[in-house]
K.L.:
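One structure coming up, written as structure tokens, with questions to follow.
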Amino acid sequence: MNYSKKPLVGIIMGSSSDSKIMHSAAIILDEFGVKHEDQIVSAHRTPTRLEDYARHAEKQGFKVIIAGAGGSAHLPGMSASHTTIPVIGVPIMVYNDKGNSDKFKFSAFGGLDALLSISEMPTGSPVVTVGVNKAANAGLYTMKILANEYSELRSKLKKYKENQHKSVLKESDEMKKLGLARFTNKKFKK
Ligand code: RP5
């Protein structure tokens with residue numbers, strides 16, 4: 001099966017407001033040429049859809065589900081409880097600017113609420129959890145899982161690491177050349 005023809009990864013999130021964070025996972029998958037299917041499934045607003053989604057994911061042959069949610073963040077854990085497909089959870093620091101009110105824009109605990117909800121799944125129904133808002137890492141971890149099966153993806157991951165290495169060396173050379181004060185001014189000046 002070709003990973004660029006049929007979606008092997010399902011990306012789900014609890015709300016459209018999560019898409020601002022979750023799109024970073026999609027960017028990584030697109031960069032590696034891995035097809036994915038993206039949907040909104042809310043654990044508390046559309047609870048019955050959770051089971052339907054798990055059935056759908058298995059029927060489609062997804063190999064990984066990336067699930068992002070904020071607040072009490074039940075989506076990743078509940079998805080994992082409905083399927084054997086590995087679920088990577090992305091805790092989201094809620095920043096909801098859909099409405100006009102400034103009052104409830106942020107979640108009360110700055111993402112720690114979602115981090116603990118997702119990572120502290122009781123023994124028996126694990127969810128691999130990335131850091132708060134680290135959807136790109138969920139994308140990269142997905143690549144690592146798929147690379148066990150697709151050697152081409154393993155090569156792409158190696159290249160990705162090499163590029164990271166090169167870009168640090170390039171910046172370090174520039175810092176050495178300019179000196180710290182000029183380097184910082186050039187790079188971060190407003
Ligand atoms: C969670 O509640 C979602 O995952 C989202 O992070 C948060 C806020 O949702 P909205 O009020 O923006 O729809 O279910």
Side-chain angles (χ1 to χ4, degrees), residues 6-32 34-146:
K6 192 178 169 297
L8 292 183
V9 182
I11 303 182
I12 50 174
M13 61 213 78
S15 166
S16 61
S17 65
D18 298 329
S19 66
K20 286 172 279 180
I21 299 298
M22 292 304 288
H23 80 284
S24 307
I27 288 172
I28 294 286
L29 300 195
D30 292 344
E31 196 180 322
F32 281 77
V34 171
K35 204 167 160 68
H36 49 95
E37 183 210 83
D38 318 320
Q39 289 205 49
I40 299 169
V41 181
S42 169
H44 60 283
R45 283 176 287 212
T46 62
T48 51
R49 239 166 85 70
L50 262 178
E51 206 177 333
D52 291 347
Y53 180 80
R55 249 196 303 272
H56 163 76
E58 290 190 358
K59 207 164 135 212
Q60 291 300 304
F62 291 171
K63 290 180 184 288
V64 180
I65 293 170
I66 301 176
S72 62
H74 284 46
L75 181 66
M78 285 308 294
S79 304
S81 69
H82 278 299
T83 175
T84 56
I85 300 169
V87 176
I88 304 175
V90 183
I92 291 177
M93 187 179 94
V94 178
Y95 177 71
N96 186 346
D97 53 3
K98 281 197 298 196
N100 297 322
S101 163
D102 273 349
K103 226 169 153 193
F104 301 111
K105 266 190 174 169
F106 296 96
S107 54
F109 300 97
L112 185 61
D113 40 5
L115 176 68
L116 295 178
S117 300
I118 298 172
S119 63
E120 288 300 314
M121 280 298 284
T123 301
S125 197
V127 172
V128 166
T129 314
V130 295
V132 174
N133 284 356
K134 297 272 192 298
N137 271 355
L140 285 168
Y141 205 80
T142 299
M143 291 307 109
K144 289 182 179 225
I145 294 172
L146 296 179

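In each ligand, atom 1 is the first atom listed, and ligand 1 is the first ligand listed. Reckoned from all heavy atoms, side chains included, excluding hydrogens, waters and symmetry mates.
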K.L.:
Which of the numbered atoms in ligand 1 are below 4.0 angstrom from a heavy atom of Ala69?
P.N.:
4 (O)

K.L.:
Tell me whether Ser15 has any N or O atom under 3.5 angstrom from an N or O of ligand 1.
P.N.:
yes

K.L.:
So which bit of Arg45 gets within less than 4.0 Å of ligand 1, heavy atoms only: side chain, backbone, both or neither?
P.N.:
side chain

K.L.:
Any chance NE2 of His36 has more than 12 other-residue heavy atoms, nucleotides or ligands included, within less than 6.0 Å?
P.N.:
yes

K.L.:
Can you figure out which of Val41, Val94, Ile12, Asp18 has its heavy atom closest to atom 3 (C) of ligand 1?
P.N.:
Asp18

K.L.:
Measuring from non-hydrogen atoms of His74 to any atom of ligand 1, is the shortest distance under 4.0 Å?
P.N.:
no

K.L.:
Looking at ligand 1, does any of its N/O atoms fall within less than 3.5 Å of an N/O of Gly70?
P.N.:
yes

K.L.:
Looking at side-chain heavy atoms only, is the closest gap between Pro91 and Val130 below 4.5 Å?
P.N.:
yes

K.L.:
Would you call His44 a ligand 1 contact, heavy-atom distance under 4.0 Å?
P.N.:
yes

K.L.:
Using a strict cut-off of 4.0 Å, indicate which atoms of ligand 1 neighbour a heavy atom of Ser17.
P.N.:
9 (O), 10 (P), 12 (O)

K.L.:
State plainly whether the residues Asp52 and Arg55 are in salt-bridge range, i.e. N to O under 4.0 Å.
P.N.:
yes

K.L.:
Could you grab the distance from atom CG of Asp38 to atom NE2 of His23, nearest 0.5 Å is fine?
P.N.:
12.0 Å

K.L.:
To the closest 0.5 Å, what do you measure between OG (Ser15) and CD1 (Ile40)?
P.N.:
6.5 Å

K.L.:
Do you know which of Val64, Thr142, Leu146 makes side chain to side chain contact (heavy atoms under 4.5 Å, CB included) with Val34?
P.N.:
Leu146

